[in-house]
2 protein chains.
Amino acid sequence: MSQDIPVTGYAILGLLTFGDELTGYEIKQRADVTLRFYWVSPAMSQIYTELRRLSDHGLVTADVRTDGGREVTTYAITGAGQAALREWMDTTPAGFPVLKHPVLLRLLVGHVTEPERTRQMLHEYVAELDRALVDLAQVRESLRGADEPGQPFRFPSLVAEWGLDYFDAERRHTHRALASLDETGAGDTEATA
Amino acid sequence: MSQDIPVTGYAILGLLTFGDELTGYEIKQRADVTLRFYWVSPAMSQIYTELRRLSDHGLVTADVRTDGGREVTTYAITGAGQAALREWMDTTPAGFPVLKHPVLLRLLVGHVTEPERTRQMLHEYVAELDRALVDLAQVRESLRGADEPGQPFRFPSLVAEWGLDYFDAERRHTHRALASLDETGAGDTEATA
DNA sequence: AGTGACTATTCCGATTAGGAACACTACTCT
DNA sequence: AGAGTAGTGTTCCTAATCGGAATAGTCACT
């Protein structure tokens with residue numbers, strides 16, 4: 001019963017194990033602040049597609065209410081949903097992370113452009129990492145107070161800390177690559193910007 | 001002229017800047033050993049789709065030869081291809097990496113299963129990381145001899161080293177998470193496997 | 001001749017990406 | 001009051017991508 005649901009479906013199911021009832025729109029917002037760092041920010045279309053599937057399988061309930069003049073559907077995980085999520089966790093292998101790293105892709109073919117351009121790209125990446133670190137640190141802070149063992153945000157805070165470590169490591173790797181690049185022109189030119 | 005080619009197209013173009021002429025099959029093989037670590041292993045179908053597009057745009061040449069009894073098409077980058085790749089590198093922003101990290105996704109919802117199951121998953125991840133490290137170290141070794149500044153494998157070796165650092169960092173993050181998890185049951189149970 | 005492994009390409013269905021479009025609510029500014 | 005604009009909530013569309021099956025020929029070994 002659980003084999004034909006894509007991973008993103010389980011991710012949404014997972015989001016529903018924290019809060020209460022959420023609309024598709026709210027799920028998108030939650031996904032954008034947490035899930036985006038280590039999974040994807042699913043498109044709206046995908047979230048609603050997934051919710052319909054989950055609902056068809058009885059893993060979530062869809063409560064249609066008329067709020068003001070328009071219909072609003074809120075979703076909540078069912079007992080079957082809890083069970084399916086748990087079964088997925090317990091019986092299917094996690095699988096290896098897939099990284100789409102445009103900076104590394106471009107570094108790979110660094111020989112087709114000027115070294116200065118590559119340095120610039122790496123510096124920009126560091127700046128973006130710093131921004132991501134700020135955002136994630138904010139998420140991590142928002143979890144404080146309920147992040148002790150046994151409390152609801154225990155696992156999210158572990159993940160947030162992992163993410164912070166990850167971004168920090170990326171910064172170091174970028175600086176290392178920059179240092180290696182500097183060795184290149186050290187002898188013949190003063191390369192700086 | 002270069003705006004309607006997806007990133008994977010440029011990745012293939014990039015692979016063609018090293019060797020000489022390659023068949024679609026060979027491109028797939030190269031992608032599987034290098035590109036897969038920090039970009040994707042494109043499906044065969046995708047590679048051939050992309051090659052047709054690149055060929056339509058004049059960025060690669062498609063040489064159809066009759067080798068033995070069957071037709072074999074080899075692809076080579078053209079001057080226009082070099083220029084398009086360079087323009088892409090110089091004028092479009094790299095963009096932030098996208099990570100699809102099933103281990104972190106499952107850690108996030110760790111509260112729906114037993115702590116022991118989560119520990120097990122993390123240990124499996126470390127084992128997979130070790131395997132990936134071995135593979136990548138092999139790639140890195142294969143580049144030796146032509147990885148000095150100015151030599152053809154200079155940039156690939158920078159990327160390989162970044163990748164090694166990355167996997168190593170992931171191992172540390174995983175161990176850190178495991179250590180945090182151990183704090184949980186430290187008081188009441190002897191949790192180990 | 002037969003089997004299996006490798007090379008090479010095409011085809012197919014489903015999933016995913018990424019927004020645009022639509023519609024309604026609620027707030028502010030003039 | 002009316003206009004504008006920001007936010008909420010959902011649907012729809014197109015292209016990209018995944019992942020593997022299907023096809024088909026070559027080569028080596030038995």
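No hydrogens, no waters, no symmetry mates; every other heavy atom, side chains included, goes into these values. The chains referred to below are lettered A, B, ... by the order of the sequence lines, with proteins before strands, and numbering in each begins at 1.
Nucleotide C:dA8 holds its C1' atom 16 Å from the CD atom of B:E21, rounded to whole Å. The distance between atom CZ of B:F96 and atom P of C:dA17, rounded to the nearest whole Å, is 17 Å. Across the protein-nucleic acid pair, A:L51 atom CG and C:dT16 atom P stand 13 Å apart, rounded to whole Å. The distance from atom CD1 of B:I47 to atom P of C:dT9 is 11 Å, rounded to the nearest whole Å. When rounded to the nearest whole Å, the span between CD of B:E50 and P of D:dT17 equals 6 Å. Between the P atom of C:dT15 and the CH2 atom of A:W39 lies a distance of 15 Å, rounded to the nearest Å. What separates CD of A:E71 from P of C:dT25 is a distance of 13 Å, to the nearest Å. Computed from coordinates, the A:L35 CG to C:dA17 P distance equals 11 Å when rounded to whole Å.
Phosphate contact (OP1/OP2 of C:dT10, side-chain N/O of B:Y48, threshold under 4.0 Å): absent. Here B:Q29 reaches the OP1 or OP2 of C:dT7: one of its side-chain N or O atoms lies under 4.0 Å away. Between B:Y25 and C:dT7, a side-chain N or O to OP1/OP2 separation shorter than 4.0 Å is present.
Nearest to the side-chain atoms of A:P6 among the listed nucleotides C:dT7, D:dG9, C:dT16 stands C:dT16.
Within a 6.0 Å sphere centred on CZ of A:R117, heavy atoms belonging to other residues, nucleotides or ligands number more than 12. When the shell of 6.0 Å around CZ of B:F167 is examined, it contains more than 12 heavy atoms from other residues, nucleotides or ligands.
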- Query: What string of B, S and - do you get for nucleotides 18-23 of chain D, 5' to 3', when a contact is any protein heavy atom under 4.0 Å?
  - Reply: SBB---
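Contact check on B:D56 versus B:R52 returns no salt bridge, with no Lys/Arg side-chain nitrogen under 4.0 Å from an Asp/Glu carboxylate oxygen.
Within the structure, every pair that satisfies the salt bridge (Lys or Arg N to Asp or Glu O under 4.0 Å) test and touches residues 35-51 of chain A, not counting sequence neighbours, is listed here: A:R36-A:D135, A:E50-A:R53.
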- Query: Can A:R172 and A:D168 be said to form a salt bridge (Lys or Arg N to Asp or Glu O under 4.0 Å), step by step?
  - Reply: CA-CA 7 Å; A:R172 287 197 308 276; A:D168 206 52; 3.5 Å; yes
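The main-chain N or O of A:T23 is found under 3.5 Å from a side-chain atom of A:E26 such that the two form a donor-acceptor pair.
Nucleotides of DNA chain C nearest to B:T74 and A:V7 differ in position, and the one nearer the 5' end is that of B:T74.
Residue contacts shown for B:R52 are limited to sugar-phosphate atoms, with no base heavy atom under 4.0 Å away.
Less than 6.0 angstrom separates the ring centroid of A:Y125 from the ring centroid of A:H101.
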